[in-house]
Amino acid sequence: MDGVLIKNLSAHVGEEVTINGWLYNRRGSGKIQFLILRDGTGLTQGVLVKGEKPELFDDAKKISQESSVRVTGVVEENPKSPGGFELQVNNIEVVSQTEDYPVTLKEHGVEFLADRRHLWIRTPKQSAILRIRSEVEMAAHEFFYQNDFIQADAPIITPNACEGTTTLFEIDYHGDPAYLSQSGQLYNEANAMALGRVYCFGPVFRAEKSKTRRHLMEFWMIEAEAAYFNNEDNMKLQEEMVSHIIKRVLKNRSAELEVLKRDTSKLEAVQLPFPRLSYTEAVELLQKKGHEFNWGDDFGAPDETVISEEYNAPVFIHRFPTNIKAFYMKPDPDDENVVLGADLIAPEGYGEIIGGGQRIDELEMLEQRLEEHQLPKEEFEWYLDLRRYGSVPHSGFGLGLERLVAWICGLEHVRETIPFPRMLYRMHP
Ligand code: 4AD
Ligand code: MG
């Protein structure tokens, strides 16, 4: 493929180059035409003056929105052009002419756009979000690589439930029941006993009956697990990772954040260490602010928002009541009613972005918990082996990618943070 990317135009001022892209929009008058082009890396404009090239000018007028085009021209700097550069057009090759493009440039309702998600993602805002999502993923990989974590991915098809049995998607595995993974954690724990520090990154599935702006049925989780890490080490790892991701996005994706009109001062304000609040302290805070909340209840979205409003950075809430948390959470030796786990709550009302904690490393207690949670012991024998053979204190966490991206981008709803969202009442396109 010959040509240059729109994002690299600044390196080609004065040269003739070709842009391989699509016609996003057209502006201008009878005498001058601006073809707004996109190629996935950004927008630029191609300039045509009727007096100079009358034939090309008239041909260009016939090109419709979202036709694919290869546009050749000389690069010039122009602060008024999208991206700061433009092309003085010498030639246009129409690769495919489009007819009746449905996602016109006027405002559309969300349902209309969601039905046409495969086209909606071409618009500048949606493309900017997806580029930021990719940057977040790269930043996470980079962080783990720099900290000696090995990527060891977990299976998607599993015989056991990690996060309770109410949100399982069941499948038929050659006649046996199996489930789509809710979390790679249990396998991460096995991998951590082999490799020390590991992470997995993949899609996870929850048949949630929740139709909120934070819930998807299929989402991507970045999950880390480390041998010999306690809950404090685990929180430190999380805050360093989140801070690393934010810094890299601010550095490499400022143009995208600008497209989204994100107030970046909110992201720049995120400093280490993140505040830490025990569950009990969080309950007191809620009560002090006049919220009805009893010790032992789980936080709902409004509670999380009230707590997060107190801080500029994400806040850890640790030591939740044992009986509202998952079976594998290690009780605090100083108070068995609470666990050595923490949730990380994002600022600005974005809610829980990470759940994690220290795991039960002792065989008998884990067997007892499986029983209490009515989980089938046979399916967990391999997991119990990890406590039989060389068990060590260990901790880990899972970061919900879409919620992190929604916060970084300042979006109302997680559905825009993934190319093709799966929601309670939507799995098309
Ligand atoms: O808190 P959760 O359920 O924790 C776990 O699954 C642990 N096993 C992870 C681990 O320790 N390895 O989920 C982790 C995160 C949440 O904090 C949230 O950000 C996200 O996953 N999440 C969802 N995101 C979108 N849609 C949903 N339905 C989500 N459910 C959880
Ligand atoms: Mg959670």
Side-chain angles (χ1 to χ4, degrees), residues 133 136 140 144 149 152-154 158 160-169 179-192 197-226 229 231 234-235 237-238 241-242 245 279 298-301 303-304 308 314-318 320-321 324-330 339-346 350-360 383 394-408 411 413-418 421-424:
R133 177 187 170 100
V136 168
F144 285 123
F149 279 72
D153 287 317
T158 71
N160 37 42
C162 180
E163 295 300 321
T165 49
T166 54
T167 64
L168 286 170
F169 274 112
Y179 311 103
L180 297 180
S181 175
Q182 299 164 304
S183 158
Q185 180 194 323
L186 307 184
Y187 297 96
N188 253 359
E189 289 183 56
N191 288 334
R197 300 177 178 191
V198 298
Y199 72 104
C200 63
F201 179 38
V204 290
F205 307 86
R206 307 237 175 134
E208 314 246 22
K209 291 285 180 280
S210 311
K211 189 175 180 279
T212 78
R213 59 195 193 90
R214 296 174 182 177
H215 285 91
L216 295 169
M217 303 301 113
E218 175 180 314
F219 62 99
W220 286 65
M221 222 199 295
I222 299 174
E223 296 184 83
E225 197 72 31
F229 270 45
N231 193 40
N234 196 33
M235 287 193 277
L237 182 71
Q238 290 167 50
M241 178 193 68
V242 170
I245 292 172
Y279 170 89
D298 207 352
F299 297 128
D303 309 309
E304 288 175 350
S308 76
V315 50
F316 285 110
I317 303 179
H318 57 85
F320 278 83
I324 59 169
K325 283 293 181 187
F327 75 94
Y328 49 72
M329 292 247 184
K330 188 178 175 72
V339 288
L340 296 175
D343 284 356
L344 186 65
I345 313 297
Y350 280 93
E352 181 198 324
I353 51 172
I354 297 186
Q358 198 167 334
R359 324 304 190 186
I360 294 172
Y383 184 65
H394 63 286
S395 303
F397 65 85
L399 167 81
L401 178 66
E402 289 75 16
R403 291 195 191 170
L404 176 65
V405 173
W407 165 45
I408 290 177
L411 304 176
H413 200 297
V414 289
R415 71 181 153 223
E416 292 181 39
T417 63
I418 184 166
R422 296 290 172 251
M423 295 181 295
L424 187 54

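Order of listing sets the numbers, starting from 1, for every ligand and every atom in it.
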Of all heavy-atom pairs between [X] and [Y], which one has the smallest distance, and what is that distance?
X	Y	result
Gln185	Glu223	N-OE1, 3.4 Å
Asn234	Gly356	ND2-C, 4.1 Å
Ala154	Gly184	CB-CA, 3.6 Å
Cys162	Phe327	O-CE2, 3.8 Å
Asn231	Gln358	N-OE1, 3.1 Å
Asp153	Phe201	OD1-N, 3.0 Å

Is there a heavy atom of [X] sitting under 4.0 angstrom from any atom of ligand 1?
X	value
Glu208	yes
Met217	no
Leu216	yes
Arg422	no

- Quick one: does ligand 1 sit under 4.0 Å from the side chain of Trp220, the backbone, both or neither, non-hydrogen atoms only? neither

- Query: Counting heavy atoms only, which part of Ile354 comes closer than 4.0 Å to ligand 1: side chain, backbone, both or neither?
  - Reply: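 Backbone only.
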
- Under 6.0 Å between the ring centres of Tyr199 and Phe144?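 Between Tyr199 and Phe144, the centre distance is under 6.0 Å.
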
- Query: So is His215 polar-close to ligand 1, meaning N/O to N/O under 3.5 Å?
  - Reply: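 In fact, backbone or side chain, His215 has no N or O that close.
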
- Backbone or side chain, does any N or O of Gln182 fall under 3.5 Å from an N or O of ligand 1?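 Between Gln182 and ligand 1 (N or O atoms, distance only) the closest approach is not under 3.5 Å.
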
Can you tell me the protein heavy atom closest to [atom] and the distance?
atom	value
atom 31 (C) of ligand 1	Phe219 CZ, 3.4 Å
atom 12 (N) of ligand 1	Glu223 OE1, 2.7 Å
atom 19 (O) of ligand 1	Ile353 O, 2.9 Å
atom 7 (C) of ligand 1	Glu163 OE2, 3.3 Å
atom 1 (O) of ligand 1	Glu352 OE2, 3.0 Å
atom 3 (O) of ligand 1	Arg206 NH1, 2.9 Å
atom 15 (C) of ligand 1	Gly398 O, 3.6 Å
atom 18 (C) of ligand 1	Arg403 NH1, 3.5 Å

- Task: Determine whether the side chains of Tyr328 and Glu189 contain a donor N or O and an acceptor N or O closer than 3.5 Å.
- Result: no

- Task: Evaluate side-chain contact (heavy atoms from CB on, under 4.5 Å) for Arg197 paired with His394, printing each intermediate quantity in order.
- Result: CA-CA 10 Å; Arg197 300 177 178 191; His394 63 286; over 6 Å; no

- Task: Report the residues that fulfil salt bridge (Lys or Arg N to Asp or Glu O under 4.0 Å) with Glu352, sequence neighbours left out, ordered by chain and then residue number.
- Result: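 By the salt bridge (Lys or Arg N to Asp or Glu O under 4.0 Å) rule, Glu352 matches no residue at all.
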
- Could you list the residues that satisfy salt bridge (Lys or Arg N to Asp or Glu O under 4.0 Å) with Arg214, not counting sequence neighbours? Glu304

- Message: For distances below 2.8 Å, what is the count of protein N, O or S atoms around the Mg ion (ligand 2)?
- Response: 1

- Query: Can you list the atoms of ligand 1 that are under 4.0 Å from a heavy atom of Arg214?
  - Reply: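 Under 4.0 Å from Arg214, ligand 1 has these atoms: 25 (C), 26 (N).
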
- Among Arg359, Met329, Met423, whose heavy atom sits nearest atom 11 (O) of ligand 1? Arg359

- Check: Asp343 and Lys325 side chains under 4.5 Å, non-hydrogen atoms: yes

- Message: Going by the rule side chain to side chain contact (heavy atoms under 4.5 Å, CB included), which residues pair with Asp303 if we only count those two or more places apart in sequence or in a different chain?
- Response: Leu286, His291, Phe293, Phe299

- Item | Mutual orientation of the aromatic rings belonging to Phe169 and Phe205 [parallel < 30°, tilted 30-60°, perpendicular > 60°] |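 Answer is perpendicular, since the angle exceeds 60°.
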
